[in-house]
Engineer: 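Questions regarding the structure given below will be posed in turn.
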Amino acid sequence: MVRTRFAPSPTGYLHIGGVRTALFCWLFARRHGGQFILRIDDTDAERNVESALAPILHGLRWLGIDWDEGPDIGGRCAPYYQSQRLAGYQAAVEKLLAGGFAYRDYATTEEIAAEREAAQREKRPFLYSRQWMAESAADDARFTAEGRKAVVRLKMPRAGSLAIDDLVRGRVEFEWAREQDHVVQRADGTCLYHLASVVDDFDFEISHVIRAEEHLSNTPRQVFIAQSLDYPLPIYAHLPFVAEPGSKNKLSKRKLSTYLKNRDFAQVYEHGLAIAERLGLATSLDTFNPVIVEFYEAVGYLPAAIVNYLALVGWSLDERTEFLSREELMQHFSLDRVVKASASFDPKKLWAFQDHYMRQLGTAEKVDRMLPYLVRAKLIAEPASAADREKLARIIDAAGDRLKVFGDILAYADFFFQDEITYEADAFEKRLRKPGAGELLDKYRSELATLATWDVASLEQATQAFIEAQGIKIGDIIHAIRVAITGKGVGPGLYDCLAILGRDTSLARMRRAVESAATQ
RNA sequence: GGCCCCGUCGUCUAGAGGCCUAGGACACAGGCCUUUCACGCCUGCAACACGGGUUCGAAUCCCGUCGGGGUCACCA
C-alpha cells in the first residue's frame with residue numbers, strides 16, 4: 001500500500017515550493033490508489049499553531065489537494081500533530097540509548113563550538129570528540145555534579161558507507177564518517193525534527209518519503225535512526241526544489257524585492273497588486289506575495305491552472321503535452337519522469353495556463369466568481385440584483401478573454417457600475433483635448449440621440465453613417481468616444497460598451513466629456 | 001571549506017548511441033488582422049558548460065575541469 005505524507009510546519013502561509021512538493025506526494029498516492037497524509041511538524045512551535053496552520057490547510061484545499069488522514073479529519077494513526085506525539089519520541093530515544101545507538105552528552109554548546117572551530121582552523125572535517133559522552137551511570141553522576149545538562153546524541157558509525165536508492169536521484173552514497181553525532185533530544189527533554197520525523201513515518205506506515213532535495217543530506221542520519229530502531233526503510237524520492245525566477249537559488253518568500261527586478265515577475269506581481277488595492281486587501285510583502293499561494297486565490301487565479309503549471313515544474317508527461325487535468329495528472333504522474341535539476345518558477349508561464357483555463361469557463365460561472373470582487377470593491381451592493389447579474393454577464397461577454405483572472409473584472413466593469421467616472425489623464429489629453437475633438441464628439445452625440453434602437457448593430461451602423469457623412473475615418477473619433485464614456489483608453493469593443501451603458505448614460509457622459517474638454 | 005546533488009534555447013522541458021541540420025511550450029522580436037486592448041494567424045531569435053576519451057557514429061556512455069545549488073543547528 002502506497003502511503004505518502006506532506007509535513008508542513010505551521011508557518012502561517014503556503015509556499016509555492018511547498019505546494020509543488022505536496023502536489024507530487026498527493027499525485028503519487030492517487031496514482032497508486034494509496035493514501036496521502038498530512039502531518040504537522042510543530043515540534044518547535046511556540047506560536048499559535050491553529051492560526052498558523054489554517055492558511056496552509058485552506059490553500060491545499062483550495063487547490064484540491066485533499067488528504068485521507070490529517071490534523072482536522074483524524075485517521076487511524078491520530079494524532080497528526082507532532083506536539084501531541086511526544087511519548088512516542090521519548091520511547092524511541094530510550095530505545096536508541098538502550099541499544100547503544102545514542103548517548104547522553106554533557107558538553108556545553110561552547111565546548112562543541114570550540115571543537116568545531118579548531119577543526120575548521122586545522123582544515124579537517126569536524127567530528128565530535130565524544131569527550132563529554134556518558135558511558136556509565138558514574139559518568140552521568142560526575143557530569144551532573146559539575147552542573148552540566150545532557151542532550152541525547154546519535155552515536156553515528158565512524159566507518160563504512162550508506163547507499164540510498166533514491167527514486168529520482170538513483171543511487172547516492174554517503175560515508176558514515178562524515179555524519180555528525182546529531183542531537184535528537186534537547187536538554188529540556190523535547191525531541192528534534194529528524195527523530196520525530198522518522199518515528200512518525202514509521203508509525204504512519206509511510207511507504208514513500210517524497211520531499212524536497214534539501215533533505216537529501218539529512219537522509220543518512222534518518223536512515224541510521226530507522227535502522228537502529230528496527231524500522232523498515234521507506235523508499236526515498238528527493239524532488240528538485242523550485243528555484244527563483246531566472247536563477248538556481250531556492251525560492252524564498254523573503255526575497256521578493258530581488259525577484260521584482262525580474263520583468264515577468266514584476267508584471268505578475270503588479271497586476272495582482274492593482275487588484276488587491278481595489279479590494280482594499282493588505283498588501284505587505286509578508287502576506288501578499290506571488291511566492292505564497294494566497295496571492296493567487298486573492299487575485300482570482302484558477303486552481304486548475306496552478307496545479308497544471310506546478311505539475312510541469314520538474315515533471316513532464318511526454319515531449320509535447322502541456323494541458324493536463326487533475327484526473328489526467330492522477331492517472332499519469334510518475335516519479336521516474338521527475339527531472340533532477342532544480343527548476344525556476346516562471347510566473348508568466350503560470351499566467352499562460354491561467355489564460356487557457358479561464359477560457360474554458362462559461363459566462364454563468366464567471367458571473368458567479370467575479371461578482372464577489374465587485375461587491376468587495378463596492379461597485380455592486382450586496383445582495384446583487386438580477387439586473388446587476390444580467391449586466392455583469394453582458395460585460396463579461398463583451399470583455400471576453402481580456403479577463404485573465406477573476407479580479408480583472410474590476411478594471412473592465414467599474415465604469416459600468418459607477419455613476420461618475422474619472423478620466424485617465426493620458427487618454428483624456430490625447431483623445432479629447434485634441435483640436436476639434438470636442439466638436440466632433442458633440443455632433444456624434446446629437447446624431448445618436450435620435451437613434452431609434454439602441455443596440456450593437458444600430459450603434460455600429462449609425463457610427464459608420466456618421467463618419468461617412470463627416471468624411472473621416474473611424475479612428476478619428478472612436479477613441480474620443482471611448483474615453484468619454486469609459487474614462488479609459490482601452491477596453492471592450494466600443495459598441496458593446498455603448499449598448500451596455502444604455503442611451504441616457506452614454507449621451508450624458510459624452511456631453512460631460514465635451515464640456516470637460518472645453519473648459520479644462 | 002567538507003560532503004551531496006545538478007548542468008539542453010532567457011524559462012519549463014523532450015531526448016535513454018544513429019529518427020537531432022536537437023522537438024514542443026512560455027517569454028521575446030517582427031509582420032498580418034484590427035476602433036483601443038486582448039485574442040487569433042504567420043515569421044523569426046534562441047541551447048546540448050568546457051576538455052579529453054570509448055565508438056564507424058555521442059546531447060546521450062566514461063574521466064577530468066569549470067559552473068550552479070543544497071547541506072553541514074539543542075530550526076523544520
Side-chain angles (χ1 to χ4, degrees), chain A residues 7-11 41-45 82 105 108-109 112-113 116 119-120 123-126 149 151-153 164 166 168-170 172-175 177-180 182-188 190-194 196-197 212-220 238 240-241 243 245-250 262-264 309 312-323 337 339-353 355 359 399-404 408 412 427 431 460 463 467 473-483 486 488-495:
Chain A
S9 56
T11 52
D41 281 9
D42 57 348
T43 50
D44 190 47
Q82 291 196 322
D105 181 56
T108 62
T109 49
I112 295 286
R116 186 172 284 123
Q120 205 161 41
K123 292 189 190 305
R124 58 175 167 80
F126 167 67
K149 289 244 193 304
V151 297
V152 176
R153 285 182 185 278
I164 297 162
D166 187 284
V168 341
R169 311 269 139 196
V172 183
E173 293 192 47
F174 299 90
E175 299 258 340
R178 299 280 180 230
E179 298 299 321
Q180 303 298 323
H182 295 282
V183 173
V184 290
Q185 186 174 48
R186 298 184 182 95
D188 67 5
T190 57
C191 289
L192 265 7
Y193 165 76
H194 292 289
S197 182
E213 185 188 352
E214 60 207 84
H215 286 287
L216 185 54
S217 357
N218 297 331
T219 308
H238 287 92
F241 50 76
S247 123
K248 292 294 177 198
N249 297 322
K250 194 166 68 174
N262 175 293
R263 185 182 52 175
D264 293 347
Y309 168 69
L312 261 25
V313 175
W315 178 84
S316 65
L317 175 63
D318 54 32
E319 70 271 18
R320 56 182 62 248
T321 308
E322 295 279 336
F323 300 115
R337 287 194 63 86
V339 296
K340 295 175 180 172
S342 57
S344 298
F345 175 64
D346 181 351
K348 268 304 194 60
K349 186 134 185 174
L350 202 203
W351 180 260
F353 279 96
D355 180 47
R359 284 159 189 263
D401 51 30
R402 293 175 183 84
L403 302 170
K404 306 295 187 191
D408 281 337
Y412 284 94
R431 305 302 188 186
E460 177 160 15
T463 306
I467 63 169
K473 296 195 299 283
I474 189 77
D476 295 333
I477 185 163
I478 203 152
H479 304 294
I481 306 171
R482 175 185 300 286
V483 176
T486 72
K488 304 177 194 219
V490 303
L494 185 76
Y495 307 120

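In what follows, every chain begins at residue 1, and chains take the letters A, B, ... in the order their sequences are listed. Computation of the quantities below employed the complete heavy-atom set of this structure, encompassing side-chain atoms and omitting hydrogens, waters and symmetry-equivalent molecules. Because the structure is predicted, anything quoted here is derived from the model rather than measured.
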Engineer: Roughly, in whole Å, what's the span from CD in A:E179 to P in B:rU71?
Structural biologist: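 My rounded result for the distance is 15 Å.
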
Engineer: With a 3.5 angstrom cut-off on both distances, give the Watson-Crick or G-U wobble partner of B:rG2, or none if there isn't one.
Structural biologist: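 Looking at the geometry, B:rG2 pairs with B:rU71.
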
Engineer: Which base sits across from B:rC66 as a Watson-Crick or G-U pair, both distances under 3.5 Å?
Structural biologist: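 B:rC66 is paired with B:rG7.
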
Engineer: Look at the side chain of A:S316 and decide which nucleotide, out of B:rU13, B:rG70, B:rC4, has an atom nearest to it.
Structural biologist: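 Between B:rU13, B:rG70, B:rC4, the one nearest the side chain of A:S316 would be B:rU13.
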
Engineer: Is a donor-acceptor contact shorter than 3.5 angstrom present between the side chain of A:K349 and the base of B:rA25?
Structural biologist: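 Counting by modelled atom types and ignoring angles, a donor-acceptor contact under 3.5 Å is found here.
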
Engineer: For A:V184, which contact category applies under a 4.0 Å heavy-atom criterion: base, sugar-phosphate, or nothing?
Structural biologist: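 Nothing: the residue A:V184, judged by heavy atoms under 4.0 Å, touches no strand.
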
Engineer: Choosing from B:rG7, B:rG10, B:rC5, which nucleotide comes nearest the side chain of A:L216?
Structural biologist: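 Closest nucleotide to the A:L216 side chain: B:rC5.
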
Engineer: Select base, sugar-phosphate, or nothing to describe what A:G493 touches, counting heavy atoms under 4.0 Å on all strands.
Structural biologist: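 Base contact.
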
Engineer: Could you give the OH-to-C1' distance, from A:Y412 to B:rC37, as a whole number of Å?
Structural biologist: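 Rounding to the nearest Å, OH of A:Y412 and C1' of B:rC37 are 6 Å apart.
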
Engineer: With a non-hydrogen cut-off below 4.0 angstrom, is A:E322 in contact with a base, only sugar-phosphate, or nothing?
Structural biologist: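 Base: the residue A:E322, judged by heavy atoms under 4.0 Å, touches a nucleobase.
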
Engineer: Apply the test side chain to side chain contact (heavy atoms under 4.5 Å, CB included) to residues A:L192 and A:V183: give CA-CA distance (whole Å), side-chain angles for both, the deciding distance (0.1 Å), then the verdict.
Structural biologist: CA-CA 7 Å; A:L192 265 7; A:V183 173; 3.5 Å; yes

Engineer: Starting at CG of A:L350 and ending at P of B:rU13, how long is that distance when rounded to a whole Å?
Structural biologist: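 It works out to 14 Å between those atoms.
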
Engineer: Are any non-hydrogen side-chain atoms of A:I478 and A:Y495 less than 4.5 angstrom apart?
Structural biologist: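 They are in contact (side-chain heavy atoms under 4.5 Å apart), so the answer is yes.
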
Engineer: Could you check A:S344 against A:D346 for side chain to side chain donor-acceptor pair (under 3.5 Å), going step by step and ending with a plain yes or no?
Structural biologist: CA-CA 6 Å; A:S344 298; A:D346 181 351; over 6 Å; no

Engineer: Looking only at the side chain of A:R320 (C-beta and beyond, no hydrogens), which of the listed nucleotides B:rA76, B:rG15, B:rG24 gets closest?
Structural biologist: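 So the side chain of A:R320 is nearest to B:rG24.
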
Engineer: Side chain of A:R116 only, please: which of B:rA73, B:rU71, B:rC12 is the nearest?
Structural biologist: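 Ranking B:rA73, B:rU71, B:rC12 by closest atom to the A:R116 side chain puts B:rA73 first.
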
Engineer: Do A:H182 and B:rA73 share a donor-acceptor pair, side chain to base, under 3.5 Å?
Structural biologist: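 No, the side chain and the base share no sub-3.5 Å donor-acceptor pair.
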
Engineer: Nearest whole angstrom, please: distance from the P of B:rA16 to the NZ of A:K340.
Structural biologist: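 Atom-to-atom, A:K340 to B:rA16, this comes out as 15 Å.
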
Engineer: Among A:K404, A:K348, A:R402, A:K349, whose salt bridge (charged side-chain N to carboxylate O under 4.0 Å, His left out) with A:D355 holds?
Structural biologist: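 Testing each of A:K404, A:K348, A:R402, A:K349 against A:D355, the sole residue satisfying salt bridge (charged side-chain N to carboxylate O under 4.0 Å, His left out) is A:K404.
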
Engineer: Which is true for A:K488 with a 4.0 Å heavy-atom rule: it touches a base, it touches only sugar-phosphate, or it touches nothing?
Structural biologist: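 Here A:K488 touches no strand at all.
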
Engineer: For A:G475, report the nucleic acid contact type (base, sugar-phosphate, nothing); a contact means any heavy atom under 4.0 Å.
Structural biologist: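 No contact at all - A:G475 keeps every heavy atom at 4.0 Å or more from the nucleic acid.
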
Engineer: How is A:P492 classified with respect to the nucleic acid when contacts are heavy atoms under 4.0 Å: base, sugar-phosphate, or nothing?
Structural biologist: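 Base, at least one base atom sits under 4.0 Å.
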
Engineer: Which part of the nucleic acid, if any, lies within contact of A:R482, taking any heavy atom under 4.0 Å across all strands shown: a base, the sugar-phosphate backbone alone, or nothing?
Structural biologist: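 Answer is base: heavy atoms of A:R482 come under 4.0 Å of a base.
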
Engineer: Look at the side chain of A:R186 and decide which nucleotide, out of B:rC75, B:rG2, B:rC5, has an atom nearest to it.
Structural biologist: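 Side chain of A:R186 sits closest to B:rC75.
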
Engineer: Let me see the working for A:R186 and A:T190 under side chain to side chain donor-acceptor pair (under 3.5 Å), right down to the final yes or no.
Structural biologist: CA-CA 5 Å; A:R186 298 184 182 95; A:T190 57; 2.9 Å; yes

Engineer: So what does A:N218 touch, heavy atoms closer than 4.0 Å: a base, only the sugar-phosphate, or nothing?
Structural biologist: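 Here A:N218 touches the bases of the nucleic acid.
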
Engineer: For the side chain of A:E319, counting heavy atoms from C-beta on, which of B:rG70, B:rA14, B:rC5 is nearest?
Structural biologist: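 Looking only at heavy atoms from C-beta outward on A:E319, the closest nucleotide is B:rA14.
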
Engineer: For B:rA59, what is the paired nucleotide under Watson-Crick or G-U wobble rules, both distances under 3.5 Å?
Structural biologist: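 Pair assignment: B:rA59 / none.
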
Engineer: What's the closest nucleotide to the A:E213 side chain, out of B:rU35, B:rG7, B:rG69?
Structural biologist: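 Taking heavy atoms from C-beta onward, the closest nucleotide is B:rG69.
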
Engineer: Which listed nucleotide (B:rC37, B:rG70, B:rA14) is nearest to the side chain of A:S217?
Structural biologist: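 Among the listed nucleotides, the one closest to the side chain of A:S217 is B:rG70.
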
Engineer: Can you check whether any acceptor in the base of B:rU13 is under 3.5 Å from a donor in the side chain of A:R337, or vice versa?
Structural biologist: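 Per atom types, no contact qualifies.
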
Engineer: Measuring from the side chain of A:D401 (C-beta onward, heavy atoms only), which nucleotide among B:rC26, B:rU71, B:rC39 has the closest atom?
Structural biologist: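 Shortest atom-to-atom distance from the side chain points to B:rC39.
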
Engineer: Would you mind classifying the nucleic acid contact of A:V151 as base, sugar-phosphate or nothing, using non-hydrogen atoms under 4.0 angstrom?
Structural biologist: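 It contacts base atoms.
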
Engineer: How would you label the contact of A:E173 with the nucleic acid (heavy atoms, under 4.0 Å): base, sugar-phosphate, or nothing?
Structural biologist: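 A:E173: backbone/sugar contact only, no base atoms under 4.0 Å.
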
Engineer: From B:rA76, B:rG24, B:rC37, pick the nucleotide closest to the side chain of A:V490?
Structural biologist: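 Out of B:rA76, B:rG24, B:rC37, the nucleotide with an atom closest to A:V490's side chain is B:rC37.
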
Engineer: Hey, does A:R359 reach any base, or is it just sugar-phosphate, or nothing, if we go heavy atoms under 4.0 Å?
Structural biologist: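 Contact class for A:R359: sugar-phosphate only.
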
Engineer: Which base, if any, makes a Watson-Crick or G-U wobble pair with B:rC28, both distances under 3.5 Å?
Structural biologist: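 Pair assignment: B:rC28 / B:rG44.
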
Engineer: Can you tell me the distance, in whole Å, between the CG atom of A:N249 and the P atom of B:rC6?
Structural biologist: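 Rounded to whole Å, this separation is 18 Å.
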
Engineer: Determine the contact category for A:K250: base if any of its heavy atoms lies under 4.0 Å from a base atom, sugar-phosphate if only primed atoms, P, OP1 or OP2 are that close, otherwise nothing.
Structural biologist: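 Sugar-phosphate only.
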
Engineer: In terms of ring plane angle, is the pair A:Y309 and A:F353 parallel, tilted or perpendicular, where the classes change at 30° and 60°?
Structural biologist: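 It falls in the tilted class, 30° to 60°.
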
Engineer: Does the side chain of A:Q82 pick up a donor-acceptor pair with the side chain of A:D41 at under 3.5 Å?
Structural biologist: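 Note: A:Q82 and A:D41 side chains meet the donor-acceptor criterion.
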
Engineer: A:L494 CG to B:rU35 P: how many Å, rounded?
Structural biologist: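 The distance from CG of A:L494 to P of B:rU35 comes to 11 Å, rounded to the nearest Å.
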
Engineer: Mind checking A:Y309 for me? I need base, sugar-phosphate or nothing, with any heavy atom below 4.0 Å counting as a touch.
Structural biologist: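 The answer is nothing, as A:Y309 stays clear of every strand by at least 4.0 Å.
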
Engineer: Looking across every strand, which nucleic acid part, if any, lies under 4.0 Å from A:A352 by heavy atom: base, sugar-phosphate, or nothing?
Structural biologist: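 Counting heavy atoms under 4.0 Å across all strands, the contact made by A:A352 is with sugar-phosphate only.
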
Engineer: Would you please test A:R359 and A:D401 for salt bridge (Lys or Arg N to Asp or Glu O under 4.0 Å) and show each step?
Structural biologist: CA-CA 7 Å; A:R359 284 159 189 263; A:D401 51 30; 3.7 Å; yes

Engineer: Which whole-number value in Å describes the distance from A:N262 CG to B:rU11 P?
Structural biologist: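 Rounded to whole Å, this separation is 11 Å.
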
Engineer: Look at A:K248 and B:rC12 and indicate whether a side-chain polar atom (N or O) is within less than 4.0 Å of OP1 or OP2.
Structural biologist: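 The answer is yes; a side-chain N or O of A:K248 sits under 4.0 Å from OP1 or OP2.
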
Engineer: In whole angstrom, what separates A:H215's NE2 from B:rC72's P?
Structural biologist: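 Interatomic distance, NE2 of A:H215 to P of B:rC72: 10 Å.
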
Engineer: For A:T43 and B:rA76, is the shortest distance between a side-chain N/O and OP1 or OP2 below 4.0 Å?
Structural biologist: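 Answer yes for this pair, as a side-chain N or O of A:T43 is under 4.0 Å from OP1 or OP2.
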
